[in-house]
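What follows is one structure encoded as structure tokens, with my remarks underneath.
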Amino acid sequence: MVDVAGIFKAYDVRGVVPDQLDESVARATGAAFVEVLDVLGGPGAVVVGYDMRPSSPALAAAFAEGVASTGADVIDIGLASTDQLYFASGRLDLPGAMFTASHNPAQYNGIKMCRAGAAPVGSDSGLRDIADLVAKALTEGPSAGSTSGHITHKDLLTAYADHLHNLVDLSGIRPLTVVVDAGNGMGGHTVPAVFAEGPVTIVPLYFELDGSFPNHEANPLDPKNLVDLQAKVRETGADLGLAFDGDADRCFVVDEKGDPISPSAVTGAVAVRELAKHPGSTILHNLITSKAVPELIAEHGGTAVRTRVGHSNIKQKMAETDAVFGGEHSAHYYFRDFWRADTGMLAALHVLAALGEQDKPASELFAEYERYVASGEINNKVEDAAATVAAIEDTYSGVDGVTVDHLDGLTVSAGQWWFNVRASNTEPLLRLNVEAADRPEMERVRDEVLALITGASVEEN
């Protein structure tokens with residue numbers, strides 16, 4: 001019997017195929033999705049897309065069968081990036097499901113679900129209820145359905161590219177050469193459509209759609225997966241390098257030297273551009289982005305709002321505050337003009353526009369947005385995350401000049417440094433992020449906190 005609770009995470013469904021996620025689970029999820037989101041009482045249809053993993057077409061088809069068995073219709077957009085699915089959900093005003101395991105290894109697959117208009121479905125907004133119905137269906141068998149729903153196919157790739165071009169016009173920028181590493185993921189599907197014409201010359205790396213990921217994992221957050229991109233940028237003398245994750249909803253950037261540009265610097269740069277277009281607007285940033293981000297927002301007349309990590313949190317806060325843009329240090333970027341959904345491609349277009357509208361190389365341009373030194377996220381396995389966090393808080397509480405908050409995990413701040421420790425939702429891990437005014441201070445704080453964590457740790461990553 002499938003451990004349904006084990007594959008339904010905080011924001012999506014994710015598991016090994018077929019041991020944890022198979023067509024019976026996908027079919028039951030489709031039917032449950034219709035019931036929980038009251039699709040029949042609302043739009044009457046669901047939009048479905050899938051990535052290049054070998055298991056994705058069959059899982060998506062099974063989900064569509066489950067939807068249709070309730071009497072609801074299905075719009076199948078076929079191969080798609082996750083942000084292309086969000087575009088379809090927004091443009092068609094339909095709830096949607098994307099079959100992908102994003103950056104996870106080849107043996108995994110999953111489902112990212114949204115309400116009409118790309119609104120999130122998280123554990124507190126329907127996902128838990130869907131999981132309960134799936135578990136019931138797998139135990140008792142599915143209830144009899146009308147099987148009257150229709151499944152139709154619709155190609156929205158060109159419309160997706162046109163929408164992005166309407167939001168960021170690159171026609172007037174200087175000519176740029178850009179290396180793009182698609183990691184054999186869905187960037188190989190969307191990048192050619194978005195850059196079919198214009199002043200940007202693309203040098204492709206690993207555009208062949210291949211869910212076995214023969215060249216490297218489609219996870220640019222891991223530095224080893226950027227090595228080929230960095231080398232190609234240096235070899236070709238390109239102006240910039242872009243790396244997309246497996247479902248192409250995140251985008252990582254390297255400059256003309258092949259050096260990574262921090263996602264916080266990208267967040268700052270895009271925030272400045274959005275504030276120029278929408279003066280005085282609210283911009284969101286999660287609590288592990290650089291302190292430079294709220295500084296830049298304030299300096300350019302915006303209102304910075306700090307949020308918890310995670311797309312459901314960001315999207316909910318965007319709706320509450322009418323924020324024009326939101327950024328996470330994990331390279332998720334959210335836009336009000338894109339139904340408050342995350343899209344790595346739109347962020348990439350902003351980066352290219354910022355670079356191409358002036359004459360400085362990328363390293364000089366983005367140095368203006370890099371003010372502090374960060375550790376990057378450090379993960380440690382611990383036996384008791386709550387006890388470890390409590391011990392860290394005891395160490396710093398009451399120290400002069402130090403403040404503590406619990407917006408998401410534990411954040412400890414002083415004048416020249418801050419750190420955050422957060423427990424993983426799915427693994428026995430503590431995630432540590434540290435930032436300081438200079439490298440020696442960052443390393444001092446990092447090592448001090450790591451000593452507290454590893455004193456209770458089982459294994460350090």
Please check: side-chain N/O of Arg14 versus main-chain N/O of Ile111, any donor-acceptor pairing under 3.5 Å? no
Walk me through it: do Asp249 and Tyr86 pass the test side chain to side chain donor-acceptor pair (under 3.5 Å)? CA-CA 10 Å; Asp249 63 348; Tyr86 291 150; 5.4 Å; no
Determine the interplanar angle of the Tyr160 and Phe87 rings, folded into 0 to 90°, and report it as parallel if under 30°, tilted if 30 to 60°, perpendicular if over 60°. perpendicular
Test your reading of the model: is there a side-chain donor-acceptor pair from Glu435 to the backbone of Tyr372, 3.5 Å cut-off? no
What do the steps show when you test Ile202 against Phe207 for side-chain contact (heavy atoms from CB on, under 4.5 Å), and what is the final call? CA-CA 11 Å; Ile202 298 297; Phe207 272 37; 4.1 Å; yes
For Ser290 and Glu370: C-alpha separation, side-chain torsions, deciding distance, then whether side-chain contact (heavy atoms from CB on, under 4.5 Å) applies. CA-CA 8 Å; Ser290 171; Glu370 299 263 18; over 6 Å; no
Between OG1 on residue Thr158 and NE2 on residue His163, distance to nearest 0.5 Å: 14.5 Å
Taking atom CD1 of Ile130 and atom OG of Ser123, what is their separation to the nearest 0.5 Å? 11.5 Å
Please report the closest heavy-atom contact between Leu242 and Ala348, naming both atoms and the distance. CD1-CB, 3.9 Å
SB check Lys112 Asp247 (cutoff 4.0 Å): yes
With the side chain counted from C-beta on, respond yes when Ile173 and Val200 share a heavy-atom pair under 4.5 Å apart, and no when they do not. yes
Would His150 and Asp73 count as a side chain to side chain donor-acceptor pair (under 3.5 Å) here? Give the steps. CA-CA 5 Å; His150 299 289; Asp73 294 331; 5.0 Å; no
Arg439, CZ atom: more than 12 neighbouring heavy atoms under 6.0 Å: no
Below 6.0 angstrom between ring centroids: does that apply to Phe63 and Tyr50? no
Any donor and acceptor pair, going by atom type alone, linking the side chain of Asp155 with main-chain N or O of Leu157 inside 3.5 Å? yes
Report yes if some heavy atom in the side chain of Pro294 is under 4.5 Å from a heavy atom in the side chain of Arg306; otherwise report no. no
Using modelled atom types only, decide if a donor and an acceptor are shared between the side chain of Thr303 and the backbone of Thr282 within a distance under 3.5 Å. no
Looking at Arg371 and Glu295, does any basic side-chain N land under 4.0 Å from a carboxylate oxygen? yes
Non-hydrogen side-chain atoms of Val233 and Gln230 separated by less than 4.5 Å: no
Pairs where residues 196-211 contributes a residue and the test salt bridge (Lys or Arg N to Asp or Glu O under 4.0 Å) is met, not counting sequence neighbours: none
Among Asn225, Leu226, Val254, which one satisfies side-chain contact (heavy atoms from CB on, under 4.5 Å) with Pro220? Leu226
Gln84 CD to Ile77 CD1 distance, which is reported to the nearest 0.5 Å: 5.0 Å
Assess the pair His278 and Phe325: is the distance between their ring centroids shorter than 6.0 Å? no
Rounded to the nearest 0.5 Å, how far apart are CZ of Arg308 and CG of Asn313? 4.5 Å
Do Leu37 and Arg115 touch side chain to side chain, with heavy atoms closer than 4.5 Å? yes
Check whether any side-chain heavy atom of Leu85 lies under 4.5 Å from a side-chain heavy atom of Cys114, and answer yes or no. yes
Over all atoms of both residues, closest heavy-atom pair of Ser363 and Glu256: OG-OE2, 2.5 Å
side-chain contact (heavy atoms from CB on, under 4.5 Å) between Val48 and Phe33, intermediate numbers included: CA-CA 12 Å; Val48 178; Phe33 184 78; over 6 Å; no
Between Ser56 and Asn109, does any side-chain donor sit less than 3.5 Å from a side-chain acceptor? yes
Taking only Lys NZ, Arg NE, NH1 and NH2, and the carboxylate oxygens of Asp or Glu, determine whether Glu368 and Lys360 approach each other closer than 4.0 Å. yes
Does a donor on one side chain and an acceptor on the other come within less than 3.5 Å for His216 and Asp181? yes
If you measure from the Lys or Arg side-chain nitrogens to the Asp or Glu carboxylate oxygens, is any gap between Asp342 and Arg250 under 4.0 Å? no
Check the pair Asp51 / Arg53 against salt bridge (charged side-chain N to carboxylate O under 4.0 Å, His left out), numbers first and verdict last. CA-CA 6 Å; Asp51 72 8; Arg53 292 168 187 264; 3.3 Å; yes
Ignoring hydrogens and angles, state whether a donor on the side chain of Thr411 or Asn420 is under 3.5 Å from an acceptor on the partner side chain. yes
Is it the case that more than 12 heavy atoms not belonging to Lys277 sit under 6.0 Å from its NZ atom? yes
Picking from Lys315, Lys317, Glu328, what satisfies side-chain hydrogen bond (donor to acceptor under 3.5 Å, both in side chains) with Tyr334? Glu328
With no hydrogens and no angle check, is any side-chain donor or acceptor of Ser102 less than 3.5 Å from a backbone partner on Asn104? no
In short, Val434 meets Met442 closest at the heavy-atom pair CG1-O, 3.9 Å
Mutual orientation of the aromatic rings belonging to Tyr369 and Phe366 [parallel < 30°, tilted 30-60°, perpendicular > 60°]: tilted
Measure across Phe244 and Val191 and return the closest heavy-atom pair with its distance rounded to 0.1 Å. CE1-CG2, 3.8 Å
Does the pair Glu448 and Tyr396 meet the rule for a side chain to side chain donor-acceptor pair (under 3.5 Å), with working shown? CA-CA 11 Å; Glu448 189 175 87; Tyr396 290 95; 2.5 Å; yes
Run the side-chain contact (heavy atoms from CB on, under 4.5 Å) check on Leu92 and Leu156 step by step: do they pass? CA-CA 10 Å; Leu92 302 175; Leu156 291 175; 4.1 Å; yes
Distance from Leu287 atom CG to His329 atom NE2, nearest 0.5 Å? 11.5 Å
Ion pair Asp222/Lys224, N-O distance below 4.0 Å: yes
Examine distances only and state if a side-chain atom of Ser89 and a backbone atom of Pro95 form a donor-acceptor pair shorter than 3.5 Å. no
For Gly15 and Ile7, the nearest pair of non-hydrogen atoms, with its separation, is CA-CG2, 4.2 Å
Could you state the interatomic distance from CG (Leu240) to CG (Asp255), rounded to the nearest 0.5 Å? 7.5 Å
Are the side chains of Tyr11 and Leu127 in touch, meaning some heavy atoms are under 4.5 Å apart? no
Would you say the side chain of Thr307 lies within less than 4.5 Å of the side chain of Gln316, judging by non-hydrogen atoms? no
Asp447 side chain to Leu450 main-chain N or O, any donor-acceptor pair under 3.5 Å? no
Heavy-atom closest pair (Ala238 atom, Thr177 atom, distance to 0.1 Å) is CB-O, 3.4 Å
Would you indicate whether the side-chain heavy atoms of Ile288 and Arg431 approach each other to under 4.5 Å? no
